[in-house]
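See structure below.
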Amino acid sequence: MSTYKAPLDDIRFVMFDLLQVESQYQRLAGGENATRDVIDAILDEAARFAEQVLAPLNASGDEEGCVLDKATATVRTPNGFKQAYAQYIDGGWSGLTAPEEYGGQHLPESIGAPLKELLDSANLSWGNFPLLSHGASEALRQHGEEWQRQAFLKPIVEGRWTGTMCLTESHCGSDLGLLKSRAEPQADGSYRITGTKIFITAGEHDLTENIVHLVLARLPDAPSGVKGISLFIVPKYKVNKSGQMGERNSVSCGAIEHKMGIKASVTCVMNFDGAEGWLIGPANRGLMAMFTMMNTARLAVGLQGLALIERGYQSSLAYARDRLQMRSASGAKFPDKPADPLIVHPDIRRMLLTQKAFAEGGRALGYYAATLVDVVERSGDADERKRADELLSFVIPIVKALLTEAANECAYHAVQIFGGHGYIRETGVEQFARDARITTIYEGTTQIQALDLLGRKVMQTQGVGLRHFLEEISAFCHAQAQNPGLIEFIAPLAIATKEWADLTQEIGKRALANPDEIGAAAVDYLFYSGYVALAYFWARSVAATEGSPQTAQFKQAKLLTARFYFARILPRTQTHAQTMRSGTDSLMTMSDAQFG
Ligand SMILES: Cc1cc2nc3c(=O)[nH]c(=O)nc-3n(C[C@H](O)[C@H](O)[C@H](O)COP(=O)(O)OP(=O)(O)OC[C@H]3O[C@@H](n4cnc5c(N)ncnc54)[C@H](O)[C@@H]3O)c2cc1C
């Protein structure tokens with residue numbers, strides 16, 4: 001069974017040397033307390049919690065799963081989960097970045113990014129229990145009424161209650177416009193919520209005294225489609241306007257799903273039978289409020305992808321160093337042993353380096369997105385906030401989809417490196433492959449992220465976020481143009497960014513004549529964008545090694561991994577570019593009947 005070691009050196013490199021968060025935090029509201037000492041202490045303690053408390057529960061949780069007691073409609077989490085959650089609360093982790101007035105520590109959002117990575121690398125299923133509390137508290141903070149904030153936020157921030165996000169219904173997943181759950185207004189200002197939601201993460205569990213569901217439903221006179229959806233807060237135990245918890249609400253878990261992976265994360269069918277709920281934000285504008293929650297959740301799921309890449313890399317690297325099979329083609333590297341370790345073979349190195357390149361590049365990209373959240377929420381400069389917001393909207397679908405797709409690719413490599421031993425349960429890597437599979441599906445599938453990126457974030461805004469990002473890359477290339485250590489990366493990066501802009505224009509023009517062009521290009525466009533974005537962060541990583549206090553070995557490894565990325569991953573953009581340029585014909589000409 002694999003052990004987990006928090007990659008603190010690289011986390012510190014990305015935060016302090018690459019993103020320079022220390023000086024950035026000092027400019028932001030609430031950031032003045034986020035000194036280097038404080039962040040270092042948080043990282044050390046988070047690493048200890050992840051390695052010693054959560055990681056040992058990962059395989060056992062997968063074996064045990066969650067159990068629904070149908071008589072009481074309650075869910076028992078696997079052994080040890082409850083105690084680990086209690087330690088999480090005692091450690092103050094749940095309120096790390098929440099406002100002080102609700103009991104949080106108000107540290108910048110981006111300090112939450114490494115915490116999320118560490119928890120999920122150690123135990124993705126466990127990490128799903130507190131996951132949606134963050135988004136629920138953000139939605140309440142930004143869109144809730146004062147009494148709702150007072151009544152609900154403190155217990156959520158303190159971790160005594162967790163949040164859920166109830167969107168999906170059996171006939172309505174990606175297309176929320178189809179949802180049918182109803183909300184009837186009551187004389188006291190509350191609503192009665194009726195409907196069945198499926199696939200609800202942490203919809204029922206035994207970790208906390210209350211669970212707060214954020215539910216999308218329709219008012220009686222609501223217009224059809226997405227313009228008629230409202231957001232409601234529906235607690236498992238009713239909560240009055242002074243925040244006191246009362247009797248059981250009529251919402252219950254009817255069944256739990258039996259899944260391919262994340263078996264210890266409970267996925268519930270939730271029945272709302274005239275449950276008491278309260279409207280959050282304006283009527284029929286629920287999707288807008290829910291987007292607040294979805295954005296944080298999408299970034300968090302991108303970080304889940306990163307977490308799994310790192311975990312699979314660590315396991316397969318240890319195995320590749322240990323397992324002896326065949327001799328190196330260029331002569332024995334360990335003549336005293338009966339064979340050489342796997343790590344001498346070129347294709348094993350390809351699979352290891354692919355994982356390393358996605359883990360470290362993905363960390364830079366994911367944490368970068370989190371620093372944009374800091375600026376959006378805490379900068380005193382309105383122009384800076386607006387730019388960061390546009391940039392964040394643009395990068396979120398890339399972070400979510402690219403890192404989760406890469407997690408699946410990397411999990412495949414990790415299992416492959418273990419050979420047959422990877423396919424059996426004992427070594428633990430097959431769990432990472434099963435757990436990774438959901439990450440490209442929930443919180444909006446890869447296809448939905450791709451349509452969001454190309455359709456909404458690029459075409460509908462005339463590419464404002466893309467423009468900011470390209471300007472940022474261009475400024476970097478310009479600043480590093482004379483740096484001999486960077487020359488090998490700057491030229492291909494500049495070529496790729498120009499092609500990115502050209503491709504966007506080409507697709508935009510073709511889409512004017514044929515709207516299917518967007519759907520035909522979207523996923524390739526997303527991968528293309530992601531690979532170029534990672535190239536930028538790899539070039540920045542090399543630049544950041546100059547002046548970094550990391551060891552010479554660490555810096556040399558960054559340079560060599562960057563070279564691998566540019567030689568063997570960035571060229572994938574060419575397949576995607578060619579595919580996008582092929583247009584819709586090869587996809588759309590075949591008739592329904594011709595599919596067979
Ligand atoms: C373990 C688990 C946990 C979950 N947790 C939650 C939760 O907490 N709360 C919640 O509300 N939901 C949750 N979900 C639901 C999840 O968000 C949905 O499964 C997801 O949004 C996809 O919806 P669907 O399954 O209905 O697929 P569909 O929407 O039916 O899509 C099927 C396929 O078609 C593709 N597709 C759809 N439309 C298009 C298009 N226009 N172009 C191209 N491709 C398209 C999709 O990408 C997908 O591949 C969870 C699901 C699972 C399995």
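Values below: every heavy atom of this structure, side chains too, minus hydrogens, waters and symmetry copies. Residue numbers start at 1 and run along the sequence shown. First listed ligand is number 1; within each ligand, the first listed atom is number 1.
Between Y85 and W126, the ring-plane angle classifies as tilted under the 30° and 60° cut-offs. Between F358 and Y531, the ring planes are tilted. Angles from 30° to 60° get that label.
Of the possible donor and acceptor atoms, none in the side chain of N128 sits under 3.5 Å from a partner among the backbone N and O of S265. Side chain of R149 to backbone of R141: a donor-acceptor contact under 3.5 angstrom is found.
The ring of Y525 has its center no closer than 6.0 angstrom to the ring center of H576.
Residues passing the salt bridge (charged side-chain N to carboxylate O under 4.0 Å, His left out) test with E204, sequence neighbours excluded: K236.
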Between ligand 1 and the protein, find all N/O pairs closer than 3.5 Å and give the distance for each.
from	atom 1	to	atom 2	distance (Å)
ligand 1	5 (N)	F199	O	2.7
ligand 1	5 (N)	T201	OG1	2.8
ligand 1	8 (O)	T201	N	2.9
ligand 1	8 (O)	T201	OG1	3.3
ligand 1	9 (N)	M165	O	2.7
ligand 1	11 (O)	M165	O	3.3
ligand 1	11 (O)	L167	N	2.8
ligand 1	11 (O)	T168	N	2.9
ligand 1	11 (O)	T168	OG1	3.1
ligand 1	12 (N)	T168	OG1	2.7
ligand 1	14 (N)	F199	O	3.4
ligand 1	29 (O)	S174	N	2.9
ligand 1	29 (O)	S174	OG	2.6
ligand 1	47 (O)	T445	OG1	2.6
ligand 1	47 (O)	Q447	OE1	2.9

